[in-house]
Protein chains: 2
Amino acid sequence: MKTLTKRQEEILNLIKSHISDFGFPPTRADIARTLGFKSPNAAEQHLRAIEKKGFISILSGASRGIVLSNAQNDEIPVIGLVAAGGPILAEENVEKTIPRSKNLLSSEIDFYLRVKGDSMVDVGIFEEDLIGVSKKTNPKTGSIVVARINNEVTVKTLIELNQSKVVLRPENQNYSDIEINPSVDELVIEGSCVALIRESI
Amino acid sequence: MKTLTKRQEEILNLIKSHISDFGFPPTRADIARTLGFKSPNAAEQHLRAIEKKGFISILSGASRGIVLSNAQNDEIPVIGLVAAGGPILAEENVEKTIPRSKNLLSSEIDFYLRVKGDSMVDVGIFEEDLIGVSKKTNPKTGSIVVARINNEVTVKTLIELNQSKVVLRPENQNYSDIEINPSVDELVIEGSCVALIRESI
DNA sequence: CAATATACTGTATATAATTACAGTAATAAT
DNA sequence: ATTATTACTGTAATTATATACAGTATATTG
């Protein structure tokens, strides 16, 4: 997707906030009024440019017919079973999506991962729970991370992180620490856990 | 709030599904077309009736200016500290609200309750977690319930439920079962836990 | 029994809104 | 150097939309 100019982004934000304020998109005249344009055609042409770049689509003939593209809806993917090889966010891994909402959870969640197994029960993470994962938050020792060891995805507490040695701890007395030598086994830290959803109790 | 007639409810649902499908409300003509009215005025008059009953408001002069009333937005309240006396859902107890979304959690959640204390850690319910509570689901023994004992709100597993004796179990080895005689202590089962959200890990 | 609410048809009109056409001017890309 | 993009003004026409007015008919309420 191409990038918007400053002005185009301003208009896209105006559309979003109008929808959030009123429940429906603005008209060309609304946009012109808000930004001080003397002609509604200025808004029209901006909208066409934003549409061309794929951020919105415009339903012809319909008043207020501005539809935000899916990428604008900002839905968070839920990752179920991760297929071996390929990126974790690949489409075939996406079980469903959940809308990002202002008052729910931190805004930094990049995806949810459905937990398999009972290796983290001692910190209250159960099988089938959805953990909210942030890719940005750089993993610190002591934090719960999503790691990929030789294409196997796992959730563990990060205990030690060096170039020669990585230690991951299951939070369950029945399991013992996992020691990895990154030069032998392929290891990727996909992100840190920042939230949790249990859909049924 | 007054109750809608069958037809009015049909129209309100049409409005909601139009918003969900297109991102903006329908016009009078849209409504008339969908329901087979031969006059847009039929839609207009239904809208006025629905507005009068408080379910929507109509912005005059604006196209598609149908705004769902707050009650229609279907936000789930988050209950923080519960003030002694009065209903649990009283406004002063509401910390914030969370939009109900199709793909997230069961639709039967009536409110979220912020957990205080560590009495349920063994079933993965931690302090500050939000538990989704359903009032409808009638409490069975073995299920986790929100109970009110003499105006104190607590989350426990329901073990026994008779007219003469109620047993609530904390899921934490450090605590012991609570036995209540409903003829001595005031007891209200507010609902059952059906979901959980942990906003920070 | 009259008044009010429900549930429409049918017509009409003012205004809201999209959208085309004709320009101007500065900047970025090929 | 020319073309495309960005960022607008200004005008105007067509269509989309809200909304008023005049009816008809049935059901419900006071």
Side-chain angles (χ1 to χ4, degrees), chain A residues 1-69 72, chain B residues 1-69 72:
Chain A
M1 188 116 52
K2 289 175 185 174
T3 51
L4 294 181
T5 67
K6 213 172 172 181
R7 201 55 161 162
Q8 288 164 357
E9 207 167 317
E10 208 173 333
I11 285 164
L12 185 58
N13 287 334
L14 193 158
I15 295 168
K16 288 181 191 174
S17 83
H18 192 284
I19 291 173
S20 142
D21 289 351
F22 297 95
F24 45 81
T27 65
R28 276 66 163 168
D30 289 336
I31 296 170
R33 204 176 313 116
T34 310
L35 293 179
F37 302 158
K38 293 183 181 166
S39 164
N41 193 41
E44 172 74 18
Q45 284 176 53
H46 277 302
L47 291 177
R48 293 294 160 191
I50 297 169
E51 185 186 36
K52 214 171 165 185
K53 289 181 175 177
F55 289 79
I56 60 170
S57 54
I58 299 172
L59 305 186
S60 102
S63 71
R64 305 180 189 274
I66 302 170
V67 180
L68 297 175
S69 302
Q72 300 304 302
Chain B
M1 190 117 51
K2 289 177 185 174
T3 51
L4 295 180
T5 67
K6 214 171 171 183
R7 201 53 159 166
Q8 287 165 358
E9 207 167 318
E10 209 173 335
I11 285 163
L12 185 58
N13 286 334
L14 193 157
I15 295 167
K16 288 181 192 174
S17 83
H18 193 285
I19 291 173
S20 143
D21 289 351
F22 297 96
F24 46 81
T27 65
R28 277 61 164 170
D30 288 336
I31 296 171
R33 203 177 313 116
T34 311
L35 294 179
F37 302 158
K38 292 183 181 165
S39 165
N41 192 42
E44 172 73 19
Q45 285 177 50
H46 277 302
L47 291 177
R48 294 292 160 193
I50 297 169
E51 184 186 37
K52 212 171 167 185
K53 289 182 177 176
F55 290 79
I56 59 171
S57 55
I58 299 172
L59 306 186
S60 101
S63 71
R64 305 179 188 276
I66 302 169
V67 181
L68 297 175
S69 302
Q72 298 307 301

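These numbers come from a predicted model, not from an experiment. Proteins get letters first, then strands, A, B, ... in listed order; numbering begins at 1 in each.
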**Student:** Roughly, in whole Å, what's the span from CZ in A:Phe37 to C1' in D:dT11?
**Tutor:**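 Taking CZ of A:Phe37 and C1' of D:dT11, I get 18 Å after rounding.
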**Student:** Categorize B:Ala42 for me: base, sugar-phosphate, or nothing, with a 4.0 angstrom heavy-atom threshold over every strand shown.
**Tutor:**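 Base contact.
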**Student:** With a cut-off of less than 4.0 Å, is there a side-chain N or O of B:Arg64 near OP1 or OP2 of D:dA18?
**Tutor:**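 For B:Arg64, the contact criterion (side-chain N or O under 4.0 Å from OP1 or OP2 of D:dA18) is not met.
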**Student:** Output the single nucleotide from D:dT19, D:dT11, C:dG23 whose closest atom is nearest the side chain of B:Pro40.
**Tutor:**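 It is D:dT19.
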**Student:** Could you tell me the separation between the CD atom of B:Glu51 and the P atom of C:dA5, rounded to a whole number of Å?
**Tutor:**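 The distance from CD of B:Glu51 to P of C:dA5 comes to 15 Å, rounded to the nearest Å.
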**Student:** Check this one for me: any side-chain N or O of A:Arg28 less than 4.0 Å away from OP1 or OP2 of C:dT19?
**Tutor:**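 For A:Arg28, the contact criterion (side-chain N or O under 4.0 Å from OP1 or OP2 of C:dT19) is met.
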**Student:** Could you tell me how far apart B:Gln8 (CD) and C:dA5 (C1') are, to the nearest whole angstrom?
**Tutor:**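 That distance rounds to 9 Å.
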**Student:** Can you tell me which nucleotide in D:dT6, C:dC8, D:dC8 comes closest to the side chain of A:Ala49?
**Tutor:**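 The nucleotide sitting nearest to the side chain is D:dT6.
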**Student:** Would you tell me if any nitrogen or oxygen in the side chain of A:Thr5 comes within less than 4.0 Å of OP1 or OP2 on D:dA7?
**Tutor:**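 So the side-chain polar atoms of A:Thr5 do come within 4.0 Å of the phosphate oxygens OP1 or OP2 of D:dA7, strictly under.
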**Student:** Testing B:Glu51, B:Gln45, B:His46 for side chain to side chain contact (heavy atoms under 4.5 Å, CB included) with B:Arg48, which one passes?
**Tutor:**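 Of all the options given, the one that passes is B:Glu51.
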**Student:** OP1 or OP2 of C:dC8 less than 4.0 angstrom from a side-chain nitrogen or oxygen of B:His46, does that happen here?
**Tutor:**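 Yes, within the criterion.
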**Student:** Toward the 5' end of DNA chain C, which comes first, A:Arg48 or B:Gln45, by nearest nucleotide?
**Tutor:**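 Residue closer to the 5' terminus by nearest nucleotide: B:Gln45.
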**Student:** Nearest-Å distance, CG (B:Asn41) to P (C:dT11)?
**Tutor:**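 Rounded to the whole Å, the gap is 13 Å.
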**Student:** A:His18 NE2 to C:dA17 C1': how many Å, rounded?
**Tutor:**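 A:His18 atom NE2 is separated from C:dA17 atom C1' by 13 Å.
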**Student:** If you compare all heavy atoms of A:Pro26 against all heavy atoms of A:Ile66, which two are closest, and at what distance to 0.1 Å?
**Tutor:**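 Looks like O-CD1, 3.7 Å.
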**Student:** Verify the contact: side-chain N or O of B:Ser63 to OP1 or OP2 of C:dA17, cut-off strictly under 4.0 Å; return yes or no.
**Tutor:**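 Checking C:dA17 against B:Ser63, a side-chain N or O does come within under 4.0 Å of OP1 or OP2.
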**Student:** Check A:Phe37 against A:Ala42 and note the closest heavy-atom contact, atom names and distance.
**Tutor:**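 For A:Phe37 and A:Ala42, the tightest heavy-atom pair comes out as CD1-CB, 3.5 Å.
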**Student:** Students often get this wrong, so: under 4.0 angstrom with heavy atoms, is B:Ser39 touching a base, only sugar-phosphate, or nothing?
**Tutor:**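 Here B:Ser39 touches the bases of the nucleic acid.
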**Student:** I need the CZ-C1' distance between B:Phe24 and C:dA17, as an integer number of Å.
**Tutor:**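 My rounded result for the distance is 13 Å.
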**Student:** Tell me: CG of B:Leu12 to C1' of C:dA7, nearest whole Å?
**Tutor:**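 Distance check: B:Leu12 CG to C:dA7 C1' gives 17 Å.
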**Student:** Heavy-atom count check: over 12 atoms from other residues, nucleotides or ligands less than 6.0 Å from A:Lys38 NZ?
**Tutor:**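 Not buried by this count: 12 neighbours or fewer within 6.0 Å.
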**Student:** Salt bridge or not between B:Glu10 and B:Lys6? Use side-chain N to carboxylate O under 4.0 Å.
**Tutor:**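 So B:Glu10 does not pair with B:Lys6 through a salt bridge.
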**Student:** Could you tell me how far apart B:Leu47 (CG) and D:dT17 (C1') are, to the nearest whole angstrom?
**Tutor:**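 Atom-to-atom, B:Leu47 to D:dT17, this comes out as 12 Å.
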**Student:** Could you tell me whether the phosphate oxygens of D:dT6, OP1 or OP2, come under 4.0 Å of any side-chain nitrogen or oxygen in A:Lys53?
**Tutor:**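 Yes.
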